[in-house]
Amino acid sequence: MREGDWEIRKIGKDTCSVERYLGSGTELVIPERIGSYQTVEIGAKLLKKTSKVRSLSIPRSIEYIDPEAFQSWRWMEGVKAEGKKLKSRDGVLYDGAFKSLVFYPPKKEGDLYEAPDTLRRVLPGAFSATVPLRTFSFYGSFEEFSAKPSECPRLECITALESGKLSTSEGVLFKGKK
């Protein structure tokens with residue numbers, strides 16, 4: 001169903017998933033309500049591959065984002081979110097407790113990422129093939145790196161800043177001790 005610049009899918013009596021942005025702006029602000037529906041999800045094909053959206057603001061009402069949603073977000077520089085389920089820091093999207101990295105914008109400046117000490121995992125689909133990361137650093141409590149190598153082809157080095165469940169040697173990630 002279409003509401004203005006949005007294609008939505010009804011989920012419940014008064015909730016919806018935002019399935020596609022049909023506008024042409026570069027700063028995308030997803031409204032908390034579209035028509036009479038509260039937006040609670042972001043679908044897999046929100047942005048077209050040709051979209052030039054550079055920034056995204058996610059309302060507090062969003063509880064779920066399809067992991068495939070990020071695959072076409074080529075020009076994204078940063079995300080803003082301050083909900084219970086999703087939060088951002090320095091333009092990077094995390095779950096509400098900063099334990100899971102949900103999305104790292106492919107046009108974010110810099111090639112080094114130092115994870116917050118609360119981070120435990122990188123979710124599948126968190127990176128796209130255009131992400132410029134060369135170094136990924138994490139703290140000892142880190143448990144899982146689920147991104148595929150094809151999602152971050154420029155990644156050269158993974159560094160453990162403290163020992164923990166995962167360790168590194170010469171930039172290679174290992175489960176447990178080397």
Side-chain angles (χ1 to χ4, degrees), residues 20-21 24-30 42-58 62 64-82 85-178:
R20 189 174 303 264
Y21 172 61
S24 59
T26 59
E27 295 182 18
L28 180 57
V29 177
I30 297 174
I42 295 175
K45 299 187 189 245
L46 179 66
L47 297 177
K48 298 180 216 170
K49 287 184 180 181
T50 58
S51 173
K52 299 291 186 198
V53 171
R54 296 191 180 283
S55 67
L56 173 69
S57 292
I58 298 173
I62 297 293
Y64 174 77
I65 300 176
D66 189 298
E68 293 181 25
F70 308 119
Q71 299 309 307
S72 63
W73 297 15
R74 303 280 184 242
W75 303 102
M76 193 67 63
E77 296 170 355
V79 178
K80 293 178 189 171
E82 292 304 323
K85 302 263 181 170
L86 297 165
K87 293 186 188 232
S88 62
R89 183 181 294 160
D90 298 325
V92 178
L93 185 63
Y94 301 91
D95 71 343
F98 293 97
K99 290 185 177 183
S100 298
L101 191 149
V102 177
F103 177 61
Y104 189 94
K107 293 296 182 185
K108 182 167 173 45
E109 287 189 28
D111 61 0
L112 166 68
Y113 171 75
E114 185 175 313
D117 59 358
T118 56
L119 193 72
R120 303 292 180 266
R121 66 195 56 80
V122 172
L123 299 180
F127 299 108
S128 76
T130 59
V131 72
L133 281 183
R134 294 198 182 284
T135 303
F136 181 95
S137 299
F138 64 89
Y139 289 88
S141 53
F142 192 76
E143 299 170 0
E144 180 182 350
F145 190 91
S146 293
K148 298 175 194 168
S150 61
E151 292 175 17
C152 31
R154 293 175 185 87
L155 191 61
E156 297 171 350
C157 181
I158 298 177
T159 306
L161 301 172
E162 293 176 354
S163 61
K165 290 183 179 181
L166 299 179
S167 60
T168 59
S169 177
E170 297 179 19
V172 177
L173 184 64
F174 295 94
K175 189 169 189 167
K177 302 297 176 196
K178 299 175 201 167

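The chain is numbered in sequence order, starting from 1.
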Rounded to the nearest 0.5 Å, how far apart are [atom1] of [X] and [atom2] of [Y]?
X	Y	atom1	atom2	value
F127	K148	CZ	NZ	14.0 Å
S57	I30	OG	CD1	8.5 Å
L46	L56	CG	CG	7.0 Å
L101	D95	CG	CG	9.5 Å

Exercise answer: donor-acceptor pairs, residues 129-136 side-chain atoms, under 3.5 Å, sequence neighbours excluded:
residue : atom : partner : partner atom : Å
T130    : OG1  : S128    : OG           : 3.1
R134    : NH1  : E156    : OE2          : 3.1

* Criterion side chain to side chain contact (heavy atoms under 4.5 Å, CB included) on S137 and L112, from CA distance to verdict -> CA-CA 8 Å; S137 299; L112 166 68; 4.1 Å; yes
Work out which heavy atom in [X] is nearest to a heavy atom in [Y]; give both atom names and the distance.
X	Y	answer
K80	S88	CA-OG, 3.3 Å
W73	P106	O-CG, 2.8 Å
R120	D117	NH1-O, 3.2 Å
P105	G91	CG-O, 3.1 Å
D66	G43	CB-C, 3.9 Å
K85	I62	CB-O, 4.0 Å

* Partners meeting ring-ring contact (aromatic ring centres under 6.0 Å, His included) with W75 (sequence neighbours left out) -> none
* Asked: Which of parallel (below 30°), tilted (30 to 60°) and perpendicular (above 60°) describes F145 and F142?
  -> tilted
* To do: Measure the shortest side-chain to side-chain distance between V102 and V79 over non-hydrogen atoms and say whether it is less than 4.5 angstrom.
  =>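 Contact flag for V102/V79 side chains = no.
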* Residue pairs passing the side-chain hydrogen bond (donor to acceptor under 3.5 Å, both in side chains) test where at least one lies in residues 96-109, sequence neighbours excluded -> S100-R121
* To do: Sequence neighbours left out, what passes salt bridge (charged side-chain N to carboxylate O under 4.0 Å, His left out) with E68? Give chain and number order.
  => none
* Those residues that, when tested against R54, pass salt bridge (charged side-chain N to carboxylate O under 4.0 Å, His left out) (two or more places apart) ->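 Expected list: E77.
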* Quickly, which of T118, L86, L119 forms a side chain to side chain contact (heavy atoms under 4.5 Å, CB included) with Y94? Name it, please. => L119
* To do: Start with the C-alpha distance between L93 and I65, add both sets of side-chain angles, then the distance that settles side chain to side chain contact (heavy atoms under 4.5 Å, CB included), and finish with yes or no.
  => CA-CA 11 Å; L93 185 63; I65 300 176; 3.7 Å; yes
* Structure fact -> Residues passing the side chain to side chain donor-acceptor pair (under 3.5 Å) test with E114, sequence neighbours excluded, are Y139
* With sequence neighbours left out, what residues match P124 under side chain to side chain contact (heavy atoms under 4.5 Å, CB included)? ->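 Residues passing side chain to side chain contact (heavy atoms under 4.5 Å, CB included) with P124: S146.
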